[in-house]
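Quick note on labels: first sequence line is chain A, next is B, and so on, each numbered from 1.
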Amino acid sequence: MIGHVLRLTRWEWFKLHRRRMPWILLIIGVAISQLIFWSTYAFVQSGGVAGQSRVSFEATDTAGETVEIEFTCADFADMREGELPLDMERFSQEEQQNIARNLLQFAENCESVDEDSNDMRQALLPPNSLLFALASSLAFFGVILMMILAASTTGTEYGWGTLRTVLVKGVGRWQLLAAKTLAIGLASVGLSAAVLATVGVASVIASLTLEGGELVGAGEWSDLAISFGKLIYAYLPYVALAVLMSVLTSSSGMGIAIGVGYYVIESIVVGILANFDWFESFSTFVLGRASSGWLEIGEFTIGGGGVGALPDPLPAAMVMLGYIVILGGLAFVLFQRKDVAGAKGG
Amino acid sequence: MNDFVIQTNALTKRYGHILAVDQLSLEVPRGRIFGLLGPNGSGKTTTIGMLLGLVRPTSGSFSLLGSGTSHAEALHRVGAIVEQPYFYPYLSGRRNLAYFQGISGRGSPKELDDLLEQVGLADRAGDRFQTYSLGMKQRLGLAYTLLGDPELLILDEPTNGMDPAGMAEVRDLIRSLGSSDRTVLLSSHLLNEVEQICDSVAILSKGKVIAQGAVGDLLHPQEQVRLRTSEDAKAVEVLAALDWVEDVRIEGEALIVTAPHDRTSELSEALGRAGVYISEITPLQVSLEQYFLEVTGDVAGEIQ
């Protein structure tokens, strides 16, 4: 039986990789991740966080003229070396104290700005660049791409009428859906890995132009491997949702619309409901929040996960498993029992 | 070995308040070309869908290729196309066949070449299915049904959308396929198609079998002779007295006698003995279409 499912999976792959759709999704995924990566690069190269962080205030000199004083963190670094780019003698004693007070306050900010700037720079070097891409591109947009992939792979069989042609060969319904799910899983891994690989190449190119010149930054490769595994698991409930909707409506278009619609609407609804105390008690069971809690990637979230404290990874994983079992189980039961008509053209 | 490859027992399919197939009992004998004839909406495709596991019966039962095998195993020995040949539009004809051969786990690349040659698609096998004409799609569908050399072929409207030359070619092919031990179940709303190809036929109307048997047997009781005589009234009297004459009626200036064609000379002899002379005698072959009109009544108009 397992051999039969694996054989069907091989032939699902035969069809899937010859379609345009997964390649288009790959191009979209690569484009999004590259856009985010190179935007970050441009931000860092243009002075980054430090360059943008500045203080501006007015002071009156001894001649009674108003002077506009502006400092950036970079100026402040010079100031720490004793080269204050400002002639303090032109101000009264009292005004000098005011200026010093403002600059001291600014100095505290610049310390954290330095840390942020370094973090941004590290996000351009592997393995952090890959973790950053995983969190910023794949966790959020990847879910949408995988739902499109899953709904399209399942729903087009109804739209083209080919489900009839396949089932008439006596392959078995649940075996066919299992093979499709495995093929979608393989494609998800392949798509995500390919996106990360292109970000890796971009990282190497970027590292050659960054100050310091190192190819590999701080961060653990094992964290990347774990996060990648967690990401694939995070896809599963959404894939199950998209497959269920495609089977239910016998349409890839409806499967995509309902799956992606849920994803977007959930984030909006969570944002609204987060204002109510009673929502806190069951927010763990909302798919987007559970997925974000499970992934635990910095401040990045899936769907509507980013409001308030996220659930711990273990309970989040259990909630996700519940979604996978219920949505996936319903999809299998429906696929097994539903009458199969001819082509529906969609 | 069971003499019937398909047996249905009170097979019923209901969609809400619509009864698509009503208590259908059908027996398809092994090694024959069996026609399933009926107008659109008579339940042919739904019946085939149930036999192939695409549609769940509301009630009743059926066996496919004998009761000793599971339905999935039986399907491995069946080649079927339902309504239209649906294939993957972005794959070539050859790759489509390779896929279906692959999932069934039987066959070789040579089988694909042979089948593509057999249906006349060898030259276009590398082209995408979406570029095929309807006739080419039907041919690919036939090649698909022949994958794995199945015992039973189920063909639902196989000449649908073809030009007359293509139809004749496909009909020849179906006849040749049914000439071996293979059984062919051909569903059609085209009377002449069934008449030309099939040995046996079941006529469906409103989800029910209204007649079933050999095509010849169904036509036999309808054999008629048209006579022109010197004295029609007396001829009617004489012929009505013969116990093997089923019916005699006057139609215009001729008599229509329902009687076996092989006893036409006896008609002539009986009338001659009574002093009635025949000026014209013409055997009438009642077509399946006329027969269908008689047995189905108002729905027959949908048959072409």
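- Put simply, CG on B:Leu54 and CG on A:Leu167 are 6.0 Å apart, with the number rounded to the nearest 0.5 Å.
- Only the side chain of B:Tyr15 comes within contact range of chain A, judged by heavy atoms closer than 4.5 Å.
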Does A:Lys169 form a side-chain contact (heavy atoms from CB on, under 4.5 Å) with B:His76? I'd like the steps, not just the answer. CA-CA 6 Å; A:Lys169 282 287 161 199; B:His76 286 129; 6.0 Å; no

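- Counting heavy-atom pairs closer than 4.5 Å to chain B, the top residue among A:Leu176, A:Val166, A:Leu163 is A:Val166.
- Here the closest heavy-atom approach between residue B:Tyr99 and residue A:Lys15 is recorded as OH-NZ, 3.1 Å.
- Around the CE atom of A:Met21, the shell of radius 6.0 Å holds more than 12 heavy atoms that belong to other residues, nucleotides or ligands.
- Across all non-hydrogen atoms, the minimal contact from A:Arg20 to B:Arg128 is NH2-NH1, 3.8 Å.
- The minimum heavy-atom distance between B:Ala80 and A:Val168, with the atom names listed, is CB-CG1, 3.6 Å.
- A donor-acceptor contact closer than 3.5 angstrom links the side chains of B:Tyr88 and A:Glu157.
- No more than 12 heavy atoms of other residues, nucleotides or ligands shown are found within 6.0 angstrom of CH2 on A:Trp23.
- For A:Arg19, the parts sitting under 4.5 Å from any heavy atom of chain B are the backbone and the side chain alike.
- Heavy atoms of B:Tyr90 lying under 4.5 Å from chain A belong exclusively to its side chain.
- Considering only heavy-atom pairs separated by less than 4.5 Å from chain A, the leading option among B:Val82, B:Leu52, B:Val78 is B:Val82.
- Considering OG of B:Ser92 and CZ of A:Arg18, their distance stands at 8.5 Å, rounded to 0.5 Å.
- Residue B:Leu91 touches chain A through its side chain alone, counting heavy-atom pairs closer than 4.5 Å.
- Atoms OG1 and CD1, on A:Thr9 and B:Ile103 in that order, are 12.0 Å from each other to the nearest 0.5 Å.
- Within the structure, ring pair (Phe, Tyr, Trp, His ring centres under 6.0 Å) contacts touching residues 171-204 of chain A (residues at least two apart or in different chains) do not occur.
- Along residues 131-150 of chain B, the residues that come nearer than 4.5 angstrom to chain A, judged on non-hydrogen atoms, are B:Tyr144, B:Leu147 in order of number.
- Heavy-atom contacts from other residues, nucleotides or ligands closer than 6.0 Å to CD of B:Gln130 number more than 12.
- Between A:Arg164 and B:Glu83, the shortest heavy-atom contact is NH1-OE1, 2.9 Å.
- Ranked by heavy-atom pairs shorter than 4.5 Å toward chain A, the options B:Pro85, B:Gly79, B:Ala98 are led by B:Ala98.
- Atom OG1 of residue A:Thr165 and atom CZ of residue B:Phe100 lie 5.0 Å apart, to the nearest 0.5 angstrom.
- Counting only heavy atoms from C-beta outward, the side chains of A:Trp160 and B:Tyr86 never approach each other to under 4.5 Å.
- Put simply, of B:Ala72, B:Gly105, B:Pro89, B:Ala74, the one with the most heavy-atom pairs under 4.5 Å next to chain A is B:Pro89.
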